[in-house]
Amino acid sequence: MQYLAEGLRLPTNGLDYTILAIYFVVVLGIGFAARASVRTSLDFFLSGRSLPAWVTGLAFVAANLGATEILGMAATGAQYGVAVVHWYWIGAIPAMVFLGLVMMPFYYRSKVRSVPEFLLHRFDKSAHLLSSILFAFSAILIAGVNLYALSIVVEALLGWPQWVAIVVAGLFVLVYITIGGLSSAIYNEVLQFFVILAALIPLTLLGLKRVGGWDGLSDSLTEQHGADFMTAWGGTGIGDANPLGANWLTIILGLGFVLSFGYWTTNFAEVQRALSAKNLSAAQRTPLIAAFPKIFIVFAVMIPGLVAAVLVPKIGTPGSDLTYNDAIPLLMQELLPNGVLGIAVTGLLAAFMAGMAANVSSFNTVFTTDIWQRYVKKDQPDAYYLRFGRLITAVGVLASIGTAFIAASFSNIMTYLQTLFSFFNVPLFVVFIIGMFWKRASMKSGVWGLLAGTTAAMVNYFVIYKQGIIDIPSDQGANFVSAIVGFVAGAVVMVAVTLFTAPKPVEELAGLVYGTEAPDADEVPDEGDSAWYRKPALLGWGAIVLATLCYLPYSL
């Protein structure tokens with residue numbers, strides 16, 4: 001197992017621990033306060049579909065602010081340079097806008113409680129069961145990433161034994177989700193969003209000051225790594241060498257389309273937040289509201305990674321005892337005084353807890369409603385499923401502890417997560433997108449598309465790439481290629497199976513395929529939803545325009 005370097009112990013004192021203790025008390029307080037609103041299984045799994053858009057929007061972006069965002073994206077910045085912006089302005093914003101404007105009406109109006117349940121209505125039980133199993137498995141793997149990252153950071157920074165860090169963090173997540181359900185997770189994610197920003201912003205500003213501002217940072221890294229390290233598109237021509245090990249085609253298709261849309265539109269850990277909104281308009285606005293802070297968060301995670309690459313030029317190389325994942329802890333040690341250090345440690349723990357809570361809460365929903373209730377224990381009283389949901393939450397946390405050790409073999413956890421997304425999210429996306437826009441797609445094509453996409457992505461990564469059959473410069477580049485291969489394989493198999501199997505009756509496709517009207521398509525929006533700032537289309541296009549303007553300086 002790879003730990004953070006022993007030299008990264010932080011000089012924490014009583015003030016820092018007091019701030020940390022206050023945060024944990026508030027987290028548990030929110031969980032107990034949310035308990036009063038949990039009376040049914042719908043309250044537990046989807047907050048009774050009652051939350052306002054601004055709450056679900058902030059929770060939507062906070063659910064992604066886990067190990068991926070904080071340690072992983074800073075590590076990616078230290079390893080690959082400014083190319084990390086691709087994961088935001090190409091690899092997130094367009095897909096978030098597509099989810100809000102195009103896919104949320106299908107999800108919300110169909111009254112499904114999860115993403116796999118949509119496949120049950122559009123295809124059949126086999127596609128539904130397979131997608132439920134794949135999602136539940138991937139959710140536990142991803143939750144384990146957050147728990148692993150949290151434990152090694154706490155052990156190295158605060159000196160706690162790793163098992164203590166795992167038990168304490170897992171216990172807190174377990175308690176506030178079990179007590180308050182999704183509402184507890186979402187309101188805590190809103191709190192965690194602001195705590196995380198309070199930790200990252202000082203780190204970013206002080207880091208820039210240490211290396212002489214943006215000009216000093218750019219000059220140092222250009223001298224160390226070449227000009228392409230400080231540009232988004234430099235050296236990405238087909239056949240050219242660049243730090244990322246990917247060309248413009250694999251970036252746009254592999255990351256910008258397949259991985260991005262696969263994650264943001266079908267990952268139930270994110271979609272669940274929008275499904276908990278009080279009406280369709282609020283559900284559509286959820287990912288669009290989240291898109292605006294997402295545009296700027298890249299600076300708060302990329303810049304610390306770049307600064308770490310200046311302060312420790314050998315970071316992540318065989319000659320250094322620091323991995324790329326050490327970028328954020330390194331700057332915390334170097335730059336932050338006590339008090340601010342306590343906020344930063346709290347923010348780091350909040351990030352991991354948000355990521356873990358999002359995946360555990362989505363896991364308990366899918367396992368309870370899509371697997372247990374549908375195929376194991378049917379037609380039980382609602383109180384039974386509420387009790388079982390709380391029980392399976394504990395099982396999910398325990399399983400996450402086990403999967404945390406799988407992440408230990410990756411020095412850049414972002415690479416590991418992108419690998420998981422190419423295996424599980426991409427095949428799910430191809431089935432969704434074809435089923436949603438092609439009426440003829442048959443019932444049996446869904447399950448075969450999932451199987452083909454997942455298998456092809458795994459074969460490309462573990463056989464073609466790992467065995468050196470085709471030379472791909474980096475793990476990230478291999479992930480982009482695996483995503484493309486999985487998407488194409490799934491699409492081809494779906495078309496082929498459709499040609500030889502029966503389509504779903506047209507009358508059963510209402511509200512499930514683009515161009516068909518849902519039974520409640522005449523839904524009346526809440527009072528005030530006609531205001532300009534409540535219109536999803538304007539919010540969506542505004543996010544894309546703003547992201548494009550931000551991107552211009554990096555595209556040169």
Side-chain angles (χ1 to χ4, degrees), residues 4 7-34 58-59 61-63 65-67 69-71 74 146-147 149-162 164-177 179-180 184-207 209-210 293 297 300-301 303-304 307 325-358:
L4 291 175
L8 288 181
R9 293 292 170 86
L10 293 180
T12 49
N13 61 17
L15 176 61
D16 301 314
Y17 282 104
T18 299
I19 294 172
L20 190 60
I22 291 172
Y23 171 75
F24 280 119
V25 170
V26 172
V27 165
L28 290 182
I30 291 174
F32 281 102
L58 290 180
V61 69
L65 275 172
E69 202 88 351
I70 308 304
L71 285 191
N146 286 278
L147 191 56
L150 184 150
S151 66
I152 60 173
V153 167
V154 170
E155 181 186 29
L157 301 187
L158 304 181
W160 297 3
Q162 189 183 56
V164 173
I166 290 176
V167 171
V168 170
L171 178 64
F172 270 88
V173 172
L174 174 62
V175 169
Y176 75 73
I177 294 180
I179 293 173
S184 175
I186 284 179
Y187 280 112
N188 269 304
E189 284 161 3
V190 173
L191 169 66
Q192 289 160 349
F193 173 76
F194 292 105
V195 173
I196 291 165
L197 289 185
L200 290 178
I201 291 174
L203 203 62
T204 301
L205 297 177
L206 292 173
K209 182 179 179 181
R210 170 67 68 90
I297 287 173
V301 293
I303 292 175
V307 170
N325 291 330
D326 297 332
I328 290 286
L330 172 69
L331 295 195
M332 289 169 59
Q333 179 198 55
E334 290 284 325
L335 303 174
L336 299 183
N338 291 111
V340 178
L341 185 60
I343 294 174
V345 172
T346 303
L348 206 57
L349 299 188
F352 300 136
M353 289 172 63
M356 182 181 178

Tightest non-hydrogen contact, residues Ala62 and Glu189, listed as CB-O, 3.2 Å

Shortest non-hydrogen contact between Gly347 and Ile196, atoms and distance: O-CG1, 3.5 Å

Heavy atoms of Leu335 and Leu203 approach each other most closely as CD1-O, 4.1 Å

Rounded to the nearest 0.5 Å, what separation is found between the CD1 atom of Ile22 and the OH atom of Tyr17? 15.0 Å

Supply the atom-to-atom distance Ile30 CD1 to Tyr187 OH, rounded to the nearest 0.5 angstrom. 10.0 Å

Here the pair of heavy atoms bringing Ala199 nearest to Ala344 is CB-CA, 3.5 Å

Taking side chain as C-beta onward, heavy atoms only, is Ile328 less than 4.5 Å from Met332? yes

Given side chains that start at C-beta, do those of Leu206 and Val340 come closer than 4.5 Å, heavy atoms only? no

How far apart are the closest heavy atoms of Leu197 and Pro202, and which atoms are they? O-CD, 4.1 Å

Leu191 side chain near Val26 side chain, heavy-atom distance below 4.5 Å: yes

Which heavy atom in Gly342 sits nearest to a heavy atom in Asp16, and how many Å separate them? N-OD1, 2.8 Å

Measuring only between side-chain heavy atoms, which start at C-beta, is Tyr23 closer than 4.5 Å to Val345? no

